[in-house]
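Here the structure is laid out as structure tokens; the discussion comes afterwards.
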2 protein chains.
Amino acid sequence: MTSVPEVIWNRPARASRGPAPSLTRQEIAAAAVRLADAEGLEDLSMRGLAADLGVGAASLYRYVESKDELIELMADAVMGSDMRIRAGRDWRSHLRSYARALRAMIQKHPWMVVEGAGRTSLGPNTAATFERVLRGLDGLGVGIDDMLTMVETVDAFTRGRALEEIGDRDAIRRSGLDNDAWMRQQAPYVRELVESGRYPLLSRVIIDAEAPHDPDRLETAFRRGLELVLDGLASMLPERPNRAS
Amino acid sequence: MTSVPEVIWNRPARASRGPAPSLTRQEIAAAAVRLADAEGLEDLSMRGLAADLGVGAASLYRYVESKDELIELMADAVMGSDMRIRAGRDWRSHLRSYARALRAMIQKHPWMVVEGAGRTSLGPNTAATFERVLRGLDGLGVGIDDMLTMVETVDAFTRGRALEEIGDRDAIRRSGLDNDAWMRQQAPYVRELVESGRYPLLSRVIIDAEAPHDPDRLETAFRRGLELVLDGLASMLPERPNRAS
DNA sequence: AGTCATTGCGAACACTGTACCCAGTCGTGT
DNA sequence: ACACGACTGGGTACAGTGTTCGCAATGACT
């Protein structure tokens with residue numbers, strides 16, 4: 001007779017008795033996503049969210065068991081609204097468009113790089129997206145195990161790249177400084193690193209990065225890396241899918 | 001005349017005047033790493049760390065400007081103690097051993113998957129490691145730009161995989177439940193997902209995962225994926241490095 | 001020997017997530 | 001038609017957080 005040990009996706013949104021809730025899970029998740037995008041996930045507070053929704057802080061716990069559960073709701077909401085991938089022509093373009101959608105989604109919602117990792121909380125939208133991605137790899141003569149590996153490899157690469165790209169942006173935001181002030185603070189130390197002469201290759205990277213460069217250099221690096229990964233994945237297929245024997 | 005806008009790596013560990021500090025940055029970082037490994041980074045508190053070190057909570061702020069800066073210290077300490085990679089025979093084995101070291105390090109210090117991402121805080125150990133990895137790719141006729149891409153690609157893949165692997169472990173830990181209780185809580189919902197028939201491929205993945213499987217299945221998946229990535233990277237080299245023309 | 005920058009740190013501040021309790025609401029069973 | 005009682009909203013409270021302030025004690029420099 002344990003109380004209510006049930007995962008949120010199996011809990012009814014509305015009770016059979018008593019007054020109707022004044023909010024929906026969708027409304028709450030949407031507002032929370034908006035706030036997290038604007039201020040960062042760690043600056044999202046239950047009180048702030050409640051105020052934004054025009055309710056008391058404690059009321060949120062009528063909809064959600066904990067902040068972690070709220071984040072599960074947010075993650076699944078984003079999977080529903082920002083991961084509407086369409087089927088690709090072949091496995092390669094399919095995985096490519098999955099990776100690009102994933103990257104675009106993470107750039108819009110940076111906290112998703114961590115919160116959306118793994119298949120821990122299989123909300124309906126998360127499950128549907130996963131199913132759709134797998135479907136693009138079905139019928140190629142690849143076992144479910146290897147299909148999973150292919151998806152996970154693309155996912156890992158994309159998430160990892162996003163993690164690196166976001167790292168700086170996030171560190172700057174957390175410092176409270178703006179971009180220029182942050183650069184000015186780092187400059188003396190970085191200069192010292194370069195001038196010490198102990199890090200010749202790192203120095204080349206730094207100097208290269210300081211040069212006026214392609215604004216979407218990161219995007220280019222991602223695309224190139226992705227193609228390399230896809231090249232590698234091709235070797236998991238039994239044989240050429242085009243041209244019968 | 002701003003106060004002390006200097007990055008921690010450029011601040012002297014000891015002041016020229018006044019009493020000697022009773023702690024060192026190394027001691028603090030080491031203790032913090034130990035606590036974060038045991039309880040998770042988000043359960044690491046300044047008060048808890050101070051108590052562990054036998055000092056007052058406010059004293060830590062004589063060594064570190066903020067908790068974020070403490071984490072920078074921790075990250076660099078780990079880079080020094082757990083990323084002592086040795087040079088490989090060729091670029092491929094070099095990147096492979098880097099990836100494996102990175103993976104092992106993250107499994108030992110799960111919080112490093114996020115905190116160690118990007119080259120934001122270039123502490124001495126982080127810089128040295130980075131330099132060492134790049135050195136293994138020098139002299140192959142690849143430009144610094146592409147060398148960086150190669151490292152970032154391996155890093156992204158490894159970090160991304162680690163992120164996925166850690167995701168579940170972390171969600172379980174945060175829930176406060178043990179592994180069995182957590183599985184028991186998820187079971188009814190997952191069963192419903194499968195029985196709904198709407199996710200045939202996802203269901204195959206779930207059923208496959210439930211079967212008694214290789215304990216180091218994740219390790220195997222990582223190794224295979226890594227080789228695929230390395231295969232892809234080979235195409236960035238000008239030509240075969242073995243056998244002169 | 002004296003100056004005074006520096007250290008350690010108790011206390012306090014503005015927060016946080018969340019448990020508890022009570023008043024008010026409304027679907028349901030009689 | 002009515003009353004029961006499960007339910008919702010939410011004020012208050014609690015234990016905890018990162019961080020600041022002020023002050024006494026220390027000890028390296030002039």
Side-chain angles (χ1 to χ4, degrees), chain A residues 1 3-4 6 8 11-25 27-28 31-32 35-36 39-74 111 115 171 173-177, chain B residues 1 3-4 6 8 11-25 27-28 31-32 35-36 39-74 111 115 171 173-177:
Chain A
M1 236 46 118
S3 52
V4 195
E6 188 58 281
I8 191 168
R11 278 201 310 266
R14 197 190 182 316
S16 55
R17 296 272 274 267
S22 58
L23 296 163
T24 65
R25 286 179 189 163
E27 286 173 328
I28 294 174
L35 290 179
E39 317 274 2
L41 186 62
E42 53 200 8
D43 281 359
L44 171 70
S45 73
M46 297 303 270
R47 275 177 247 262
L49 174 59
D52 188 83
L53 287 164
V55 302
S59 305
L60 291 176
Y61 287 89
R62 296 285 163 198
Y63 300 85
V64 135
E65 245 176 14
S66 66
K67 191 184 183 182
D68 278 346
E69 211 178 65
L70 169 67
I71 294 173
E72 287 182 39
L73 236 46
M74 293 165 63
W111 46 275
E115 246 42 67
R173 192 180 47 67
R174 272 189 303 186
S175 76
L177 280 60
Chain B
M1 237 40 121
S3 53
V4 195
E6 188 59 281
I8 192 169
R11 280 201 309 265
R14 197 191 182 316
S16 55
R17 295 273 273 268
S22 58
L23 294 148
T24 65
R25 286 177 189 166
E27 286 172 327
I28 294 174
L35 290 179
E39 317 274 3
L41 186 62
E42 53 200 8
D43 281 0
L44 171 71
S45 72
M46 299 302 270
R47 276 177 247 262
L49 174 59
D52 187 84
L53 288 164
V55 302
S59 305
L60 292 177
Y61 288 89
R62 295 285 167 202
Y63 299 86
V64 134
E65 245 176 13
S66 65
K67 192 185 184 184
D68 278 345
E69 208 176 68
L70 168 68
I71 294 173
E72 287 183 38
L73 235 48
M74 294 165 63
W111 46 274
E115 247 43 67
R173 193 180 46 67
R174 273 188 302 185
S175 75
L177 280 61

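We name chains A, B, ... by the order of the sequence lines, and we start the count at 1 in each one.
Atom CE in M46(B) sits about 17 Å away from atom C1' in dA14(C), given to the nearest Å. When rounded to the nearest whole Å, the span between CD of E69(B) and C1' of dG18(D) equals 14 Å. Between the OH atom of Y61(A) and the P atom of dC14(D) there is a distance of 17 Å, rounded to whole Å. In this structure, K67(B) atom NZ and dT20(D) atom C1' are separated by 17 Å, rounded to whole Å. Going from atom CG of L60(A) over to atom C1' of dC20(C) covers 17 Å, rounded to whole Å. Counting to the nearest Å, the C1' atom of dT8(D) and the CD atom of E65(A) are 16 Å from each other. Distance CG (L53(B)) to C1' (dT7(C)): 16 Å, rounded to an integer number of Å. Between R25(A) atom CZ and dT8(D) atom C1' there is a gap of 15 Å when expressed in whole angstrom units.
Taking 4.0 Å as the cut-off between side-chain N and carboxylate O, E115(B) and R174(A) count as a salt-bridged pair.
Minimum interatomic distance between A20(B) and R14(B) (heavy atoms only, all atoms of both residues): CB-NH2, 2.9 Å. Residue K67(B) comes nearest to L41(B) through the heavy atom pair NZ-O, 4.1 Å, listed as atom of the first residue, atom of the second, then distance.
For a distance-only test at 3.5 Å, the side chain of R47(B) fails to qualify as a donor-acceptor partner of the base of dG16(D). A donor N or O paired with an acceptor N or O is not found under 3.5 Å between the base of dG5(D) and the side-chain atoms of R17(A).
Two residues, P21(B) and D43(A), neighbour DNA chain C, and the one matched to the more 5' nucleotide by heavy-atom proximity is P21(B). Comparing A20(B) and S45(B) against DNA chain D, the residue whose closest nucleotide sits nearer the 5' end is S45(B). Along DNA chain D, the nucleotide nearest to L23(A) and the one nearest to G48(B) differ in position, and the one closer to the 5' end is contacted by L23(A).
Contact annotation for L44(A): backbone-only contact, meaning every heavy-atom pair under 4.0 Å involves sugar-phosphate atoms and none involves a base.
Among the nucleotides dC21(C), dT6(C), dG11(D), the one closest to any side-chain atom of A58(A) is dG11(D). Comparing atom distances between the R62(A) side chain and each of dG17(C), dT6(C), dT8(D) picks out dT8(D) as nearest.
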Exercise for the section: Could you please spell out the steps behind the side chain to side chain contact (heavy atoms under 4.5 Å, CB included) verdict for M74(B) and L70(B)? Expected result: CA-CA 6 Å; M74(B) 294 165 63; L70(B) 168 68; 4.0 Å; yes
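In terms of phosphate contacts, Y63(A) brings a side-chain nitrogen or oxygen within less than 4.0 Å of OP1 or OP2 of dG9(D). For S22(B) and dG8(C), the shortest distance from a side-chain N or O to OP1 or OP2 is below 4.0 Å. Using a 4.0 Å cut-off, no side-chain N or O of S59(A) falls inside it from OP1 or OP2 of dT8(D).
No donor-acceptor pair under 3.5 Å is formed between the side chain of Y63(B) and the backbone N or O of I28(B).
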